[in-house]
Structures are given as C-alpha cells and as structure tokens.
Amino acid sequence: MKAKKPLPVIEQIPESPVRESFDAPEPPGERTILRVEGMDCASCAATVEKSVARIPGVSGVKVNFAAGRLDARHESSVSRERVEAAVEGAGYKVAKTEGMEATPFWKTTRAIVLFISGALFLAGLAFGLAGASQALTVAFYLSAIAIGGARIFRSALAGLGARRLDMNVLMSIAAVGGAAIGEWAEAASIVVLFAAGNALQIYAIDRTRNAVFALAKLAPDEVAVDRGGAEVMVPSSEVGVGEVVVVRPGERVALDGEVVEGSSALDESPITGESVPAEKAPGDEVFSGSLNGRGAILVRVSSEAKDSTLQKIVGMVEDAQSKKAPSEQFVDRFSRIYTPAVVALAAALAVVPPLLGGDFSEWAYRSLALLIIACPCALVISTPVTVVSGIGAASRFGALIKSGSALEAAGKLEAIAFDKTGTLTEGRPDLSSVFAPDGEEHALALAAALEKYSEHPLAHAILSAADGLELPKVENFQTIPGRGTEGNVRGKHHLVGSPRLFEERGIPLDGDAGEALAAVEEAGETPVILGEESGRVVAVLGLADAVRPEARESIEMLREAGVKEFVMLTGDSEAPARRISEKLGISYEAGLLPEQKVEAVRRLVEKHGQVGMVGDGVNDAPALAASSVGFAMGAAGTDVALETADIALTTDDLPKLARAVALSRRAERVIKQNVAVSLAIKGVFVLLAPFGLVALWLAVLADMGTSIAVTLNGLRLFRK
Ligand code: ADP
Ligand code: MG
C-alpha cells in the first residue's frame with residue numbers, strides 16, 4: 001500500500017473536462033435506505049417505488065428489485081417510519097435486522113404456502129382424472145387458488161392502488177378470469193406456477209443479494225480499546241479517531257487504522273479479494289474486516305466505524321447495484337409501450353369477436369392468455385439480475401464497479417490507455433545514477449527538500465535516497481503538475497523536475513549537464529533535473545522504475561478479452577517510454593502534460609468509441625474522467641481514487657484489471673442473451689395467442705421459465 005503524506009499544497013489538477021455523467025445528479029435532501037423483503041418481481045419494485053413516491057415530501061425513490069434495496073430522497077419532515085409504512089402498505093416487508101434471512105428456504109411461509117397450494121392443485125387434477133364430481137374438484141382448485149394466490153392478490157391490490165398493471169395484477173386478472181369462464185384447473189395452474197416461479201427466483205437471487213451486504217458484517221461490533229492503560233470492550237461505533245485498539249490473533253479488525261505495535265499476517269480478502277495474508281508491521285495500514293493471523297497487534301484508529309473502507313466499499317457496491325444500467329432503461333421504455341399495447345389487444349379480443357358472433361368464452365380465454373403474456377416479467381429482470389450478479393462477483397476479487405453503466409461500458413472496451421508510473425511500472429523508482437558537480441549529498445538533500453510534500457512516485461524515490469540527510473528549509477513550495485516542484489532554498493529559487501520543465505523556463509541543459517542527461521536517457525531511465533531558476537543546473541538524477549512483472553500477461557489477457565488497442569500515456573521522456581512500451585508490445589505517447597493526456601484520451605475515444613483509462617486515480621483524475629471507463633488502481637484507503645473512478649481496483653494489481661474487463665464482457669454478453677431470449681419468447685407467444693394456440697398454463701409456464709432461465713443465466717457470473 002502506498003504511504004500517504006499530508007499535502008500542504010493541493011496539486012493543481014486541471015479542471016475536469018465535461019463528460020456525460022452516467023447518472024443524473026442526486027436530488028438534495030435526506031436519504032433513507034431500506035432493504036425490502038419479498039419483492040419477487042421487478043414490476044413489484046416499481047409498485048413499491050410509486051407507493052413511496054406518493055408520500056408528500058419525497059423527491060426521488062429508486063427501488064432495485066435485484067438488489068432488494070430502496071433508496072429514497074426526501075425532506076427531513078419525512079420519517080424513516082413513514083417510508084417503511086408505505087413499503088408495508090404496498091404489501092412488502094422491510095428487513096429489520098440488517099442481516100441475511102437465516103430461515104432456510106423450505107421453512108419460509110412462502111414455501112409452505114406454495115407446497116400446500118401445489119398439493120391441492122394436484123389433488124384437484126387427480127380427482128378430476130378419476131372422474132370425481134365437479135363440485136369436489138372445483139373445491140380443490142378453489143382452495144389452491146385462495147391459498148396460493150393470497151399473496152398475489154394482495155400485491156395486485158397494491159399495484160392497482162398505485163395505478164400500475166404490474167405482473168401481480170395481470171396474473172390475478174388471468175386467474176380470476178379463468179375461474180369465471182369455468183376453467184378452474186387452468187386458473188389454479190396459473191396461481192401455482194406463478195407462485196412457484198417467484199419462489200424459485202427469490203431463492204436463486206437471495207444469496208447474491210446478501211453476499212455484498214454480508215461483507216459489512218465482517219467488522220466486529222465490539223472492540224477492545226486501550227483507554228488509560230486498561231483494556232475496555234467498547235462498541236466499535238463509539239471508538240474515536242486516534243484511539244488505540246487491540247487486535248488479538250484470529251480476530252477480525254474492527255476499525256481502519258495504522259499498526260503501532262506488534263506484527264502479524266492479515267487476510268485482507270474482504271477488501272482486496274486477495275486471500276494470501278499480507279504481512280503488517282508498525283506503520284502499515286490495516287482495514288476493518290480483515291482477519292488477523294497469529295500475531296497480536298495494536299492499531300491506532302484512523303477513521304470512525306461508519307467511514308471505514310469496508311463500509312465505503314459495501315455502500316458503493318450496493319449503490320452501484322441499485323442504479324439502472326442502459327439496457328435496463330431500454331427495457332423500461334419498451335415495457336411502457338409493450339404492456340399497455342398487449343393489454344389493449346387482449347381487451348379487443350375479449351370484446352370484438354364475440355360482438356361479431358364469436359364464442360365468448362373461447363375469446364375470453366385467448367384474451368386472458370394475452371394478459372399473461374403482456375407481463376414483461378422475464379424481460380424486466382434480465383438486465384438487473386445480471387448487473388447485480390456481475391458487480392457482486394467483481395467485488396469479491398477487489399474490483400469495485402461503480403454502476404451498471406460502467407459494467408456495460410467496460411464490456412464494450414475497444415482500447416485502453418494506461419498511465420505509466422505506478423500503473424504499468426511498479427511506481428517505486430530507484431535512484432540509479434547521480435550527476436552532481438557540487439557533491440552528491442548536497443544535491444540529494446536539496447532535491448529531497450523540494451520533493452518532501454509531493455505525492456509523485458519520483459518524489460518518494462528521491463526522499464528515500466536522501467534518507468538520513470539533513471534537509472534544508474524550503475519556502476514558497478509549489479508543485480507543478482506533470483513537471484515537478486519548485487521553492488526557495490537559502491534565498492534562491494530552485495526547480496526540480498522533468499527536462500521539459502527546464503526547457504519551459506528557458507534554462508539550457510547543455511555542457512556536462514546535457515551529457516549527463518543524454519546518458520540517463522540512453523540508459524532508459526527517467527531523468528529528474530535539479531537546478532536554480534537563475535539557470536544553473538545542480539544535478540541530473542536518473543531513476544529506474546521496473547515494469548510490473550505481470551503487466552505483459554495482463555495485456556495479453558485483455559487482448560484475449562477483445563480489447564484491440566493499448567496505449568501508454570506518460571509525462572516521462574521519450575527514451576524510457578519507448579523502452580517500456582517495447583517490452584509490453586504496446587504503443588506510447590511520451591512527454592505529455594496532464595492536459596495533453598486528457599487530449600490523448602479524447603482522441604482515442606473519438607477513434608474507438610469505448611476507451612478505458614487506467615491510472616492511480618489521484619494524479620490522473622482528469623484523464624480518467626475523459627475516458628469512457630476510468631479505472632483506478634490501488635484505491636483502498638485513497639478516497640479520491642475510490643470516488644473518481646468508474647471501476648476501482650482495491651489493490652495495485654493489473655491482472656485484476658484484466659479480470660474485471662473479462663467479467664464485464666461476459667456480463668455484456670449475458671445481458672444481450674437475456675434480453676434477446678425474453679423478447680423472442682414474448683414475440684412468439686403474442687403472435688400465437690390470438691389464434692387460440694396458447695394455453696393459460698403454458699403462457700405462465702413459459703413466462704416463469706424464461707424468468708428463471710434469465711435469472712440463472714445472470715447468476716452464473718456470480719457463482720463462477
Ligand atoms: P507519468 O505518471 O506518466 O510519469 P506525470 O504527469 O505524473 O507522468 O509526470 C510527468 C513527468 O513530470 C515525470 O516523468 C517527471 O519527469 C516529472 N515530474 C512530475 N512531478 C515530479 C516531481 N514531483 N518530481 C520530479 N519530477 C516530476
Ligand atoms: Mg502519474
């Protein structure tokens with residue numbers, strides 16, 4: 001993990017270019033987030049949404065079916081209880097304990113009810129076949145409908161109340177209508193199949209819904225705090241920043257902080273996805289949720305429980321899962337036309353042919369079949385299930401995909417631009433050559449003093465090379481982004497940075513200094529020049545930064561995933577840039593200023609459409625923002641990076657990038673398959689139903705079958 005230094009001067013990052021934001025700006029006001037239980041269809045989510053939206057003072061509500069989550073923005077006059085009441089009024093439960101439902105599926109009321117109504121239905125069928133009286137079989141069917149359908153009818157009423165033709169409404173009309181025209185067996189089969197389909201779907205989805213949330217539970221609720229020499233057990237939420245907590249062997253870390261005493265190996269997989277334990281010693285950062293190995297450590301808390309990296313990650317993933325992906329928006333628009341159109345067709349079938357002399361119950365039957373088909377059930381869940389599953393799966397290996405849009409966009413990447421330092425290279429350059437006529441130590445101390453507050457990897461390298469030297473005092477310190485830093489030392493204005501910086505300031509790099517620079521570049525090292533504003537060059541330093549060993553293989557993986565072009569964008573000089581890109585077999589642009597990196601990304605976007613940019617998220621924020629999908633590496637513990645990226649990788653790990661892109665590709669494919677299959681099946685049934693070729697039970701079976709098929713197809717991403 002990178003060491004972070006306090007920055008007295010904010011690096012002047014050029015203003016972020018305008019880009020079409022993936023999501024509309026958040027409406028202001030307070031926010032309530034609830035976990036809604038028992039939502040078994042996407043259209044039910046919309047019903048809940050409408051019920052909550054009708055509360056005066058609520059300005060925006062999003063309910064995500066696949067994530068089982070409600071996110072409402074409202075004025076402070078609206079209480080959480082009011083929102084909960086609206087959800088319950090719509091027929092759904094609000095999860096009180098914020099954990100998983102512990103009851104196994106077959107013990108839930110839903111499953112028991114389903115089982116009883118299914119048995120009654122089968123009994124009806126059996127007695128019918130055995131030639132029992134109609135009264136008896138009807139009694140069985142009727143009780144199957146009443147028991148199995150109670151939940152459906154109740155939700156249907158809520159749907160009607162919210163003036164929505166959701167799938168509960170459509171199925172209820174079909175079941176009641178079927179019974180009304182004497183098709184008892186069919187009516188009962190609609191109810192049983194629909195309930196069974198929903199139950200199966202909930203069962204399939206629940207584990208995925210809870211997987212991310214379960215992460216948050218990893219941080220212990222109580223922690224041993226060292227207060228005045230004595231250890232006291234305190235709820236984690238009451239521990240303040242700066243307090244020291246004790247983490248015993250085998251315990252999970254409760255709060256983010258820095259090790260102050262002891263050492264141990266920690267399993268940080270909840271944060272990084274990495275199960276190989278990381279060695280921690282005093283000075284190292286630890287994250288809440290990590291599992292301590294065999295050592296005991298004392299940790300100085302660096303953030304409150306609610307602000308921990310783990311909480312942020314969970315919040316982000318859940319937020320991401322609740323946002324609508326572009327394909328989902330397409331489906332929504334489609335359904336808004338499709339459902340009313342098919343319902344209108346169904347109404348016409350029930351009325352017109354009988355007026356022209358057709359048989360009423362025959363046409364009523366066809367009309368009911370159309371009503372069932374009018375439900376866009378499978379289509380509506382085809383995308384969100386995949387998005388939730390894909391984002392959930394990525395979070396397990398430490399890739400935080402911030403929205404369904406980012407997931408879909410990453411699945412379409414044509415080209416990827418990389419920052420060099422710290423992305424393709426280790427980002428830990430070593431000082432490998434020094435040219436300093438006035439003495440090496442003097443030059444190093446001076447350079448280090450000027451680099452003390454810079455975040456740049458080169459600065460860190462120079463500082464560690466000057467370890468132990470006494471650094472002179474610097475006044476009027478400034479960083480010059482993409483170039484270096486400057487400041488006054490002993491009354492003289494000094495500069496440290498790239499050859500370009502000196503060129504721009506009109507300081508000639510000739511004579512011995514020029515030769516030293518040529519030698520550094522010849523060796524493929526990054527040159528850093530130290531000089532006085534007046535024109536005197538004090539030193540020429542050569543720094544070498546090793547290419548990450550896994551870089552080449554990761555680029556191969558990305559190529560296999562379908563990305564066609566790779567470009568390294570760097571502010572470094574031509575020679576080291578060429579050397580590195582040749583090693584990796586990619587193209588490069590060298591000597592770029594931060595704004596030129598932005599330009600380069602824009603050009604790539606123009607050429608390729610979908611372009612990813614990979615950087616550290618701090619220095620590269622503008623270029624990340626100019627790309628279609630910005631990836632930040634090593635984001636854990638760096639809030640800016642976590643926030644600026646569209647996809648944040650918790651560790652500095654290029655193979656993770658390749659995995660995230662490959663997963664997005666798969667998600668993109670699964671979404672396409674799901675949408676296509678749901679559309680095709682709907683299409684076929686809509687065409688056949690008016691000719692009396694679709695039995696009611698078959699319409700429900702096809703619909704529930706498709707819903708379950710697309711759900712399982714989406715969940716494949718997660719299970720893998
Ligand atoms: P990159 O990440 O591609 O190396 P940057 O924009 O971060 O590009 O930096 C560009 C160049 O500017 C570096 O290669 C280096 O020569 C110079 N530079 C930037 N900041 C510093 C600094 N703090 N100290 C020395 N050189 C710097
Ligand atoms: Mg950089």
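We count ligands from 1, going down the list as the structure has it; atoms in each ligand are counted the same way.
Heavy-atom proximity to atom 24 (N) of ligand 1, evaluated over Arg500, Glu451, His456, is greatest for Glu451. Taking only non-hydrogen atoms, the option from Val496, Thr421, Val528 nearest to atom 1 (P) of ligand 1 is Thr421. Relative to atom 17 (C) of ligand 1, the option among Glu589, Met568, Arg483, Gln596 with the closest non-hydrogen atom is Arg483.
Here Ser664 pairs with nothing under the side-chain hydrogen bond (donor to acceptor under 3.5 Å, both in side chains) rule; sequence neighbours left out.
Proximity to Ser454 (heavy-atom distance under 4.0 Å) selects the following atoms of ligand 1: 23 (N). Counting atoms of ligand 1 from 1 in the listed order, those under 4.0 Å from a heavy atom of Thr485 are 23 (N). Listed by number with element, the atoms of ligand 1 under 4.0 angstrom from any heavy atom of Leu458 are 13 (C), 15 (C), 26 (N). Those atoms of ligand 1 that come under 4.0 Å of a heavy atom in Thr570, given as number and element, are 1 (P), 3 (O), 4 (O).
A salt bridge links Glu589 and Arg603; the closest N-O separation between the charged side-chain nitrogens and carboxylate oxygens is under 4.0 Å. In this structure, Asp256 does not pair ionically with Arg300, as no charged nitrogen and carboxylate oxygen lie closer than 4.0 Å. A salt bridge links Arg602 with Glu599: the closest approach of a Lys/Arg side-chain nitrogen to an acidic carboxylate oxygen falls below 4.0 angstrom. Comment: Arg665 does not engage Glu408 in a salt bridge, judged by the lack of any side-chain N to carboxylate O separation of less than 4.0 angstrom.
Between the Asp646 side chain and the Gly630 main chain, a donor and an acceptor come within less than 3.5 Å of each other.
The NE2 atom of His456 sits 9.0 Å away from atom CD of Glu451, with the distance rounded to the nearest 0.5 Å.
With a heavy-atom cut-off of 4.0 Å, Asp419 touches ligand 1 through its side chain alone.
Remark: ligand 1 and Gly571 share an N or O pair separated by less than 3.5 Å (distance only, no angle test).
Residue contact annotation: Gly484 has a non-hydrogen atom under 4.0 Å from ligand 1. Residue Lys597 places a heavy atom under 4.0 Å from ligand 1.
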Test Glu595 against Lys597 for salt bridge (charged side-chain N to carboxylate O under 4.0 Å, His left out), laying out the working first.
CA-CA 5 Å; Glu595 54 272 24; Lys597 285 189 187 173; over 6 Å; no
